[in-house]
Structure formats: structure tokens, C-alpha cells
Amino acid sequence: MGRLIGLDFDNTIILYDRVFARIGQSMGLLPPNFSGGKPHVREHVRAMEDGEAKWSLLQARVYGPGIDGAELAPGTFAFLECCRAAGFGIVVVSHKTETAFADPQGTNLRDAARAWMLRHGLTGGGPGGIGTDDVYFESTRADKIARIASLGCFAFVDDLEEVFREPGFPEPVSRHLLLHGADRLPSGPFHAHRSWSDVAAALLPAPSRR
Ligand SMILES: [Mg+2]
């Protein structure tokens with residue numbers, strides 16, 4: 001494999017916005033008329049009494065059984081194709097425990113994610129073209145960062161700016177924050193983008209883009 005671009009999974013490749021709202025409502029954490037994506041749900045739930053625990057349990061339900069209702073982020077296949085055309089390999093590196101701390105008897109989160117990737121054609125010879133062996137799940141953020149370093153990624157794309165602010169984040173890896181459809185982009189030690197095509201424009205040589 002040539003030079004590698006590393007991608008986060010949750011809320012980068014896969015979007016859970018509708019799932020957060022739907023499951024949050026079914027758990028009685030959100031009013032029935034609530035509309036909003038993950039950031040709004042998080043804000044609302046964490047402001048409740050015992051909000052952190054409620055938010056953790058909601059996340060466990062969303063990233064486990066709720067994954068069936070999640071959507072592939074728009075433009076993902078086109079981005080992956082552009083990367084291949086430009087001679088880059090793709091790896092997915094995700095901070096995801098086997099089961100959620102808030103729901104230890106619940107769904108195996110890694111199995112659920114692998115099955116979702118296969119079903120959506122990201123792996124298994126589908127149009128996404130990602131090798132099953134090129135998907136890494138790590139138990140802590142530090143392990144994730146260590147994996148990004150050991151794989152020697154040229155660039156990494158993530159929706160969580162905290163990842164790029166970690167002191168251990170490897171210096172040579174170019175940092176790309178992707179907040180799909182965001183109104184406002186934060187600034188920090190990263191390049192910030194709203195879409196996969198913006199990431200491609202920043203990362204890939206012009207002839208391979210479209
Ligand atoms: Mg993420």
C-alpha cells in the first residue's frame with residue numbers, strides 16, 4: 001500500500017444524527033417534537049439531572065442497536081475513489097470499546113460497526129474498497145493515536161478536535177477536522193472542513209478530484 005490516509009469512523013464515515021433524536025425520544029430524554037442532530041441532543045441531555053449518565057446510556061444504545069438506522073456520510077464513496085485514484089491507501093482507526101461502559105451486557109459495538117461497514121459496501125469488495133484488515137478498533141484515545149502513528153498515516157480525518165489536541169498526536173500527520181454540514185467551523189491545530197469534497201480539495205492533488 002502506498003501512502004495512507006486514516007479515517008475515524010463514528011460521525012465521520014457514519015452519521016447518527018437521526019438515530020440520536022429518535023432513540024433519545026424513545027428513552028424519554030427529548031420532547032416528542034425535538035429536532036436536531038447529535039450536538040443538540042448532547043447539549044439537551046447533558047443539561048438534565050444526571051445528564052452525563054443519561055448521555056452515556058443514550059450513546060450506548062445509538063452506537064449499538066441504533067447503528068442500523070445510521071447513514072453513510074454523503075460523499076464518502078466519491079472521496080474514497082479519489083483517494084485510490086491519487087494512489088493513497090485507506091485505513092479506518094476508531095476509538096471503540098467492545099461494549100459500552102454504560103451498558104456492559106449490551107451489543108458488541110465493534111461487531112455492529114463491522115457488520116454496518118460490510119452492509120453498506122465500505123468493505124468486503126464493495127464500492128468503498130476498504131480492506132477488512134484495514135479497520136482498527138482501539139479501546140482508548142491514546143491507543144488510537146498510537147495506532148495512527150504506527151501505521152504511518154500521511155493524514156488523519158476525524159470529527160473530534162480533542163483527538164488533534166492530544167499532546168501525543170504524531171507531528172508529521174496532517175490533521176483534518178470534518179464536521180459534516182457544520183454552520184461554524186472551529187479553529188485549532190487542524191484544517192477544518194464541512195464535507196468530504198472539502199477534505200479531498202485540501203488533501204489530494206487536483207487531477208484526482210472531481
Ligand atoms: Mg468520531
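In listed order, ligands and their atoms are each counted from 1. Residues take their numbers from the sequence shown, with the count starting at 1.
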Subject >> Close aromatic pair by centroid cut-off 6.0 Å: W55 and F20 >> reply: yes
When the side chains of residues 100-109 are checked against the rest of the protein, which donor-acceptor pairs come out under 3.5 Å, sequence neighbours left out?
residue : atom : partner : partner atom : Å
N108    : OD1  : R110    : N            : 3.0
N108    : OD1  : D111    : N            : 2.9
N108    : ND2  : E98     : OE1          : 2.8

Original post:
Among protein atoms, how many N/O/S atoms lie less than 2.8 Å from the Mg ion (ligand 1)?
Top reply: 3
Original post:
Only one of T123, L118, L122 forms a side chain to side chain contact (heavy atoms under 4.5 Å, CB included) with T132, so which one is it?
Top reply: T123
**OP:** Specify whether W196 and F79 have parallel, tilted or perpendicular ring planes, treating 30° as the upper limit for parallel and 60° as the lower limit for perpendicular.
**Re:** parallel
Original post:
Which pair of heavy atoms, one from S195 and one from L178, lies closest together, and at what distance?
Top reply: N-CD1, 3.4 Å
**OP:** Output, in order, the C-alpha distance, side-chain angles, deciding distance and verdict of salt bridge (Lys or Arg N to Asp or Glu O under 4.0 Å) for D158 and K144.
**Re:** CA-CA 12 Å; D158 205 301; K144 171 176 173 169; 2.6 Å; yes
